[in-house]
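Structure record follows, encoded as structure tokens.
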Amino acid sequence: MLPFLRKRPDGRVVICNADSTRIFAPTLFLDELAETLASTTILEYGSMLLEPFRLLSVAKQGAGLSWTEADDDFLSRWHMECITRRKISRKVFVRRLVLFLRFLLWAQENGWSKYHVGVQPGKGERRFAISIRLVKGNVWHRLMKGKIHKRRTRLPTHKVLDLVESSLAEGVVKPQLVERNHLALTCCRILTLRRSEVAALRVDTVPTRARLTRLAANGVVTIPLVVMRAKGAGERDVDFPVSMLVALRDYIEFDRPKLLGFSGKDEGILFCANNRSGRALCPGTITNAYKSAAHRAADQNPELADAIRLARPHHLRHRAITDLAAGCLAEGMTADQTMLMVMDQAAVSSLGMARHYMHLAEADVRKRSKEWKAAEKDLDRRSGSRLAAVQVDRFERRKQS
């Protein structure tokens, strides 16, 4: 058995040995980061930090190494494992390497190790087991050498996403799990929510049956509800369609109790895990279920197999934001108004990131995107000062509200 990650009821993320004993140094490192970062970010960092500890545990033909014995040779083997065998992108590996080096430097500064990581004193001299350099105040290792090419996200079409979602139910025995997975991914696709934000939704966020009945009778289509932010902590307002809220209320009343069972444990999480603990569904579970469904759909549709296999759950957020922007422009909103709407609903803080999520010039939207083409040219002509003024105006509105 390998080292593993454990999330305690108080939210603390703990890295454990195979025998369930805590590895104190990385756990305390994550505790210190948790003072300034969101809990979902700490969980992600914990998963990234776990990987080198797992490789260390099987080093030396299974005898294992302590993390204090990690050296440049170990980092090279880790690099080969990720890049060559597992085909992980350089960008992802560099992120993990930087976090591991940050941990090792923190441990050295706090007395957990000596002469472990540092800048070598001279050419040919080796004082530290891991040799680094400081470039513009940042840690640099020779394995980071090379240019990282940022690839633009290719948004799958609606047809591809529909095929993947139709495969979600295959192989799932419990109807309650089918409904839970379907609703969770529908929230990602329609509401511009991140997976971690969907996993953190609470039962008390969904209005009561009586209120939903009144809203439907009055012809209300959407209502704003408060959800927890995954990045930057805090809360934000998201417009929920009333029809979706009715489906969520049905799930709460009929399907969710069967997932909880008779354990009596209920933490109030909307999409709870299927282990009668009442705890939140892990975002990684959503990812794994979606990837498995994509592979099944690709096998059943060979003509679209290449496009389907590339589908990932984060594409649903791209699709939701793209559809939101296209709808706003179709209703006659200006480019400025559309951008502000997207930034508010998607909880992104920069114009560049908002445009990164929008794929309005791609083939499946091009048929109805004359308004967007004109608006995009208009945005491109604007000066930097004009864009800055739009962003300032957005923050002023939020401050007033």
Return yes if some donor-acceptor pair links the side-chain N/O of [X] with the main-chain N/O of [Y] below 3.5 Å, else return no.
X    : Y    : result
R85  : M80  : no
R256 : Q176 : no
R127 : Q120 : no
R249 : V206 : yes
Q108 : H116 : yes
R180 : C272 : yes
D71  : D73  : yes
D10  : R12  : yes

Hey, can you tell me if W67 and F53 have their rings parallel, tilted or perpendicular (30° and 60° cut-offs)? tilted
What orientation do F128 and Y115 show, parallel under 30°, tilted 30 to 60°, or perpendicular over 60°? tilted
F271 and Y251: aromatic ring centres closer than 6.0 Å? yes
Looking at the rings of H314 and Y357, which for Trp means the six-membered one, are their centres under 6.0 Å apart? yes
Are a donor atom and an acceptor atom from the side chains of R142 and S76 found within less than 3.5 Å of each other?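 The criterion, which ignores hydrogens and geometry beyond distance, is satisfied for S76 and R142.
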Under a 3.5 Å cutoff, is there a donor and acceptor pairing between the side chains of D336 and T334? no
Could you check whether atom [atom1] of [X] has more than 12 heavy atoms from other residues, nucleotides or ligands sitting under 6.0 Å from it?
X    : atom1 : answer
D306 : CG    : no
M48  : CE    : yes
R54  : CZ    : yes

Candidate pair L225 and L245, rule side chain to side chain contact (heavy atoms under 4.5 Å, CB included), full reasoning: CA-CA 11 Å; L225 297 176; L245 292 173; 3.7 Å; yes
Take R309 and H295 through the side chain to side chain contact (heavy atoms under 4.5 Å, CB included) test and state the conclusion after the steps. CA-CA 6 Å; R309 284 198 176 93; H295 283 293; 3.8 Å; yes
Sidechain N-carboxylate O distance under 4.0 Å for [X], [Y]:
X    : Y    : answer
R319 : D323 : yes
E51  : R86  : yes
D162 : R189 : yes

Do F74 and L55 make a side-chain contact, defined as non-hydrogen atoms from C-beta onward lying under 4.5 Å apart? yes
Is there a side chain to side chain contact (heavy atoms under 4.5 Å, CB included) between L270 and L183 once you walk through the steps? CA-CA 10 Å; L270 180 60; L183 287 173; over 6 Å; no
With side chain to side chain contact (heavy atoms under 4.5 Å, CB included) as the test, would you mind laying out the steps for E179 and D250 before giving the verdict? CA-CA 10 Å; E179 186 65 13; D250 290 340; over 6 Å; no
